[in-house]
Amino acid sequence: MRFTTSLLALLSGAALVLAKTPGTPVRFERRACPSAVPSTTVKPKVMIVSMFSYERAPWIPVYGLTNNITIPGLSPLYPVVACNHAGSICIVTTVMALTLSPLIDLTTTYWLIAGIAGINPYQGTLGTAAFARFAVQVALQYELDARQMPANWTTGYWALGTDQPGEIPAVSHLYGTEVFELNTNLLAKALELSSGVTLNDSTGAIAYRAKFDYAPANLPPVVTQCDVATSDVYYAGTLLSESFGNYTALMTNNEGVYCTTAQEDNASLESLVRAHQFGLADYARVVLLRTASDFDRAPNNEVSAYDAFEAEQGGFTPAIENLVIAGKPFVDDVIANWASYAPGIPTQDQSDGSFYGDDLGTIRTGAGLAKRRVQHPSKRALRV
């Protein structure tokens, strides 16, 4: 009880501090935390999730997100959630601590996770805006330095609980954050709303993409639908990209399309799955958008992976700008047509084979939950 009381107090902007003088009983002292606590609970219709200051900045003037609320547990770099005056639209960087705060009601909030990314040149180009169905944590695998891998392997990565690349792990070996699938009905709606927008470009991006001799890499950016690979390591190069593309296909039963590369999305989605599980948020209301700032590999064999990685590709500025251009139609539609959005958007069928939510089936229902858990164990799982 004491721990629960202390935690709730901390989350609501006050701390109960343990104090003890030798020879006296333990007591708690209440001390104020430096927090801008609103007089009433904020209940946003849309929460935008950005990853760093450059992604956050363009949204602020568009929606007047100048009302800052300090939430204990947010990133020390971005310790506030910023909202408009009405509290209907907000932006934040940290998800888990936000969902646990009693200062904000997120039970009917729609989420737009919006950040820049690398791009697979076979799926897009600099400035491309890609809405994702799947987020795959591609580096959550075993790894051997490629210089020491078996001679007949094409990559030093292979799935946890298996013996070689290309084998599907048993559910018992999953961490639960390898694969997330979003609400495809909501995805289709967001994609349709942004399909007619004209994305920004730059002279630098135009010049760099001309180095590629195939489409869509050498074409102007458009809005598309393909999936995001996440990794703590900021990687680049054809070999790693192809390996992670194969892993994406493997872990999604060939339904996922390796397209954009990022670092944060699976962590954000795991937080929202956990929040959904306890009624703090609705995972069915999440949209994931990534815009391309750079290619994930070199344009041709004459350019090294390192030189391509270090090159000024010209995609950063249009990628930042296109977050708003591609994401704003969805945000505006939610606000303008709240009566139709408030009840929620039904999810896709969650029967056998569905990946909706996480790959453990934490929030799937019925047959989708039971049958997805029945998989043949890998060789490693059978070892005694």
Side-chain angles (χ1 to χ4, degrees), residues 48 50-51 54-59 61-62 112-135 187-229 234 236-238 241-242 244-245 248 256-262 265 287-303 305 307-333:
I48 300 164
S50 64
M51 318 306 158
Y54 286 98
E55 294 171 347
R56 182 187 183 94
W59 294 100
V62 171
L112 176 62
I113 302 174
I116 64 174
I119 187 76
N120 173 0
Y122 292 99
Q123 298 298 329
T125 190
L126 300 170
T128 287
F131 287 91
R133 171 189 173 188
F134 290 105
L187 166 61
K189 194 173 187 67
L191 190 63
E192 180 183 10
L193 287 167
S194 63
S195 61
V197 303
T198 300
L199 299 177
N200 282 2
D201 208 346
S202 73
T203 55
I206 293 171
Y208 191 84
R209 74 168 63 97
K211 298 177 184 293
F212 289 82
D213 61 2
Y214 54 89
N218 57 9
L219 298 178
V222 296
V223 175
T224 188
Q225 193 279 302
C226 48
D227 302 310
V228 59
Y234 194 138
T238 300
S241 297
E242 289 180 348
F244 292 153
T248 297
V257 179
Y258 171 82
C259 179
T260 57
T261 65
D265 296 334
V287 170
L288 173 53
L289 168 66
R290 284 286 175 174
T291 56
S293 60
D294 56 280
F295 288 107
D296 70 352
R297 67 196 77 184
N300 52 60
N301 292 333
E302 297 176 0
V303 180
D307 287 340
F309 180 80
E310 289 293 312
E312 292 293 337
Q313 299 185 19
F316 181 82
T317 297
I320 291 293
E321 295 168 345
N322 289 341
L323 288 171
V324 176
I325 293 173
K328 189 174 185 295
F330 171 70
V331 176
D332 289 349
D333 198 59

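All values below were derived from every heavy atom in this structure, side-chain atoms included, with hydrogens, water molecules and symmetry-related copies excluded. The shown structure was predicted, so the numbers you read here are calculated from the model rather than taken from an experiment.
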- Query: Run the side-chain contact (heavy atoms from CB on, under 4.5 Å) check on Arg56 and Met51 step by step: do they pass?
  - Reply: CA-CA 7 Å; Arg56 182 187 183 94; Met51 318 306 158; over 6 Å; no
For [Y], is there any backbone N or O sitting under 3.5 Å from a side-chain donor or acceptor partner on [X]?
{"X": "Asn322", "Y": "Pro318", "value": "yes"}
{"X": "Ser241", "Y": "Thr238", "value": "no"}
{"X": "Ser293", "Y": "Phe316", "value": "no"}
{"X": "Gln123", "Y": "Thr224", "value": "no"}

Minimum-distance pair of heavy atoms, taken over all atoms of [X] and [Y]:
{"X": "Asn200", "Y": "Pro221", "answer": "O-CG, 3.8 Å"}
{"X": "Pro216", "Y": "Pro121", "answer": "CD-O, 3.5 Å"}
{"X": "Glu55", "Y": "Ala114", "answer": "OE1-O, 4.0 Å"}
{"X": "Phe330", "Y": "Ala190", "answer": "CD1-CB, 4.0 Å"}
{"X": "Gly237", "Y": "Ala305", "answer": "CA-CB, 4.0 Å"}
{"X": "Ile119", "Y": "Ala292", "answer": "CB-CB, 3.5 Å"}

State whether the number of non-hydrogen atoms from other residues, nucleotides or ligands found under 6.0 Å of [X] atom [atom1] is greater than 12.
{"X": "Tyr214", "atom1": "OH", "answer": "yes"}
{"X": "Glu310", "atom1": "CD", "answer": "yes"}
{"X": "Asp307", "atom1": "CG", "answer": "yes"}

- Task: Could you give me the CA-CA distance, side-chain angles and deciding distance for Asp227 and Thr260, then say whether side-chain contact (heavy atoms from CB on, under 4.5 Å) is met?
- Result: CA-CA 6 Å; Asp227 302 310; Thr260 57; over 6 Å; no
- Message: Can you confirm whether or not the ring centre of Tyr122 sits under 6.0 Å from the ring centre of Tyr258?
- Response: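 Not close enough - the centres of the two rings lie 6.0 Å or further apart.
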- Item | N-O pairing of Arg209 and Asp201 below 4.0 Å | yes
- For Asp296 and Thr261, test the side chains for any donor-to-acceptor distance below 3.5 angstrom and give the result as yes or no.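 Asp296 vs Thr261: no donor-acceptor pair found between side chains.
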Could you measure the distance from the [atom1] atom of [X] to the [atom2] atom of [Y]? Nearest 0.5 Å is fine.
{"X": "Ser194", "Y": "Gln225", "atom1": "OG", "atom2": "CD", "value": "11.0 Å"}
{"X": "Leu199", "Y": "Ile325", "atom1": "CG", "atom2": "CD1", "value": "6.0 Å"}
{"X": "Asp294", "Y": "Glu312", "atom1": "CG", "atom2": "CD", "value": "11.0 Å"}
{"X": "Arg290", "Y": "Asp265", "atom1": "CZ", "atom2": "CG", "value": "4.0 Å"}
{"X": "Phe131", "Y": "Ser195", "atom1": "CZ", "atom2": "OG", "value": "9.5 Å"}
{"X": "Asn218", "Y": "Tyr208", "atom1": "CG", "atom2": "OH", "value": "13.0 Å"}

If you define the side chain from C-beta out and look only at heavy atoms, does anything of [X] sit under 4.5 Å from [Y]?
{"X": "Thr128", "Y": "Val222", "value": "no"}
{"X": "Arg133", "Y": "Leu288", "value": "no"}
{"X": "Leu112", "Y": "Leu289", "value": "yes"}
{"X": "Leu323", "Y": "Ile116", "value": "yes"}
{"X": "Val197", "Y": "Pro329", "value": "yes"}

- Message: Is there a ring-ring contact (aromatic ring centres under 6.0 Å, His included) between Phe295 and Phe309? Walk through the geometry before answering.
- Response: CA-CA 8 Å; Phe295 288 107; Phe309 180 80; over 10 Å; no
- Take Thr248 and Val257 through the test side-chain contact (heavy atoms from CB on, under 4.5 Å) and record every step on the way to the result. CA-CA 7 Å; Thr248 297; Val257 179; over 6 Å; no
